[in-house]
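These notes are about the structure you will find just below.
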Amino acid sequence: MEEHTTEALDKKFQEKVDHEIKIEPKDYMPDAYRKTLIRQISQHAHSEIVGQLPEANWVTRAPNLRRKAVLLAKIQDEAGHGLYLYSAVETLGADREDTIDDLHSGKAKYSSIFNYPSLTWADMGTIGWLTVLQL
């Protein structure tokens, strides 16, 4: 008979990790591991959503129509990425509204790069470049 104690489940989980076997959201994982995944993924989701703010401030001030259209497309991409990540958090058992409430209350964090002001059009490019370097 197979043992299903927490210790045995943790050992099987670690063996999967060690052998680079894919772990699905519904698979067993230690509570601390699941909690860390939820925190990291929701933080990434928050950063995608908050990342729209400096860009959105420039939609009406973009130098020309082409750049305005490109900026709008980028903003839409950021929103889509955030929503996709919030969905991933839900597959791990977290509630989307709770994660968003944590952001609003200050309990959850997001990438601080979006706190820098974008005073010029060149700042938009710089923020985008710095964001890519963060990955």
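Basis for what follows: all heavy atoms, side chains included, without hydrogens, waters or symmetry-related copies.
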_Is there a side-chain contact (heavy atoms from CB on, under 4.5 Å) between Thr99 and Leu103? Walk through the geometry before answering._
CA-CA 6 Å; Thr99 61; Leu103 174 65; over 6 Å; no
*asked:* Let me check something: do Val17 and Met29 share a hydrophobic cluster, defined by ILVMFWY side-chain heavy atoms less than 4.5 Å apart, either directly or through other members?
replied: yes
*Under the side-chain hydrogen bond (donor to acceptor under 3.5 Å, both in side chains) criterion, do Glu15 and His19 qualify, and how do the steps go?*
CA-CA 6 Å; Glu15 287 173 3; His19 291 94; over 6 Å; no
*Taking C-beta and beyond as the side chain, do Asp77 and Glu48 meet within less than 4.5 Å on heavy atoms?*
no
*May I ask you to check whether His81 and Tyr86 place their ring centers less than 6.0 Å from one another?*
no
*Run the side-chain hydrogen bond (donor to acceptor under 3.5 Å, both in side chains) check on Gln14 and Asp18 step by step: do they pass?*
CA-CA 6 Å; Gln14 188 58 52; Asp18 292 344; 2.7 Å; yes
*Which class fits the ring pair Trp58 and Trp121: parallel under 30°, tilted 30 to 60°, perpendicular over 60°?*
perpendicular
_I'd like to know if the side chain of Lys107 reaches the main chain of His104, judged simply by a donor and an acceptor atom lying under 3.5 Å from each other, with no hydrogens or angles considered._
no
*asked:* In this structure, would Ile38 and Leu83 fall into the same cluster of hydrophobic residues linked by side-chain contacts under 4.5 Å?
replied: no
*asked:* More than 12 heavy atoms of other residues, nucleotides or ligands under 6.0 Å from CD of Glu20: yes or no?
replied: no
_On a heavy-atom basis, which atom in Thr91 and which in Ala88 lie closest, and how many Å separate them?_
OG1-O, 2.6 Å
*asked:* Rounded to the nearest 0.5 Å, what separates atom NZ in Lys68 from atom OG1 in Thr60?
replied: 6.5 Å
*In Å, rounded to the nearest 0.5 Å, how long is the span from OG1 of Thr120 to CG of Asp123?*
3.5 Å
*asked:* Check this for me, if you would: do Asp27 and Lys22 make a salt bridge, where the nitrogen-to-carboxylate-oxygen distance has to be below 4.0 angstrom?
replied: no
*Measure from the side-chain N and O atoms of Asp98 to the backbone N and O of Ala94, and report whether any donor-acceptor pair falls under 3.5 Å.*
no
*Roughly how far apart are Ile100 CD1 and His46 NE2, rounded to 0.5 Å?*
7.5 Å
_Heavy-atom count check: over 12 atoms from other residues, nucleotides or ligands less than 6.0 Å from Asp31 CG?_
no
*Reported CG-to-OG distance for the pair Leu92 and Ser42, which is rounded to 0.5 angstrom*: 10.0 Å
*Looking at Pro54 and Ser118, what are the two nearest heavy atoms and their distance?*
O-OG, 3.7 Å
*State whether the side chain of Ser47 and the backbone N or O of Ser111 hold a donor-acceptor pair below 3.5 Å, judged by distance alone.*
yes
*asked:* Donor-acceptor pair, distance only, cut-off 3.5 Å: does the side chain of Arg96 make one with the backbone of Glu90?
replied: no
_Are more than 12 heavy atoms, taken from residues, nucleotides or ligands other than Tyr28, located less than 6.0 Å from that residue's OH atom?_
yes
*Would you check if Leu85 and Val89 make a side-chain contact, meaning some heavy-atom pair closer than 4.5 Å?*
no
*In Å, rounded to the nearest 0.5 Å, how long is the span from OG of Ser87 to CD1 of Ile41?*
11.0 Å
_Side-chain donor/acceptor of Arg34 to backbone N/O of Pro30, under 3.5 Å_ = no
*Between Lys11 and Glu7, is there a side-chain N and carboxylate O pair less than 4.0 Å apart?*
no
_Please check: side-chain N/O of Gln52 versus main-chain N/O of Ile49, any donor-acceptor pairing under 3.5 Å?_
yes
*Which distance, rounded to the nearest 0.5 Å, do you find between the CG of Leu72 and the CZ of Arg67?*
14.5 Å
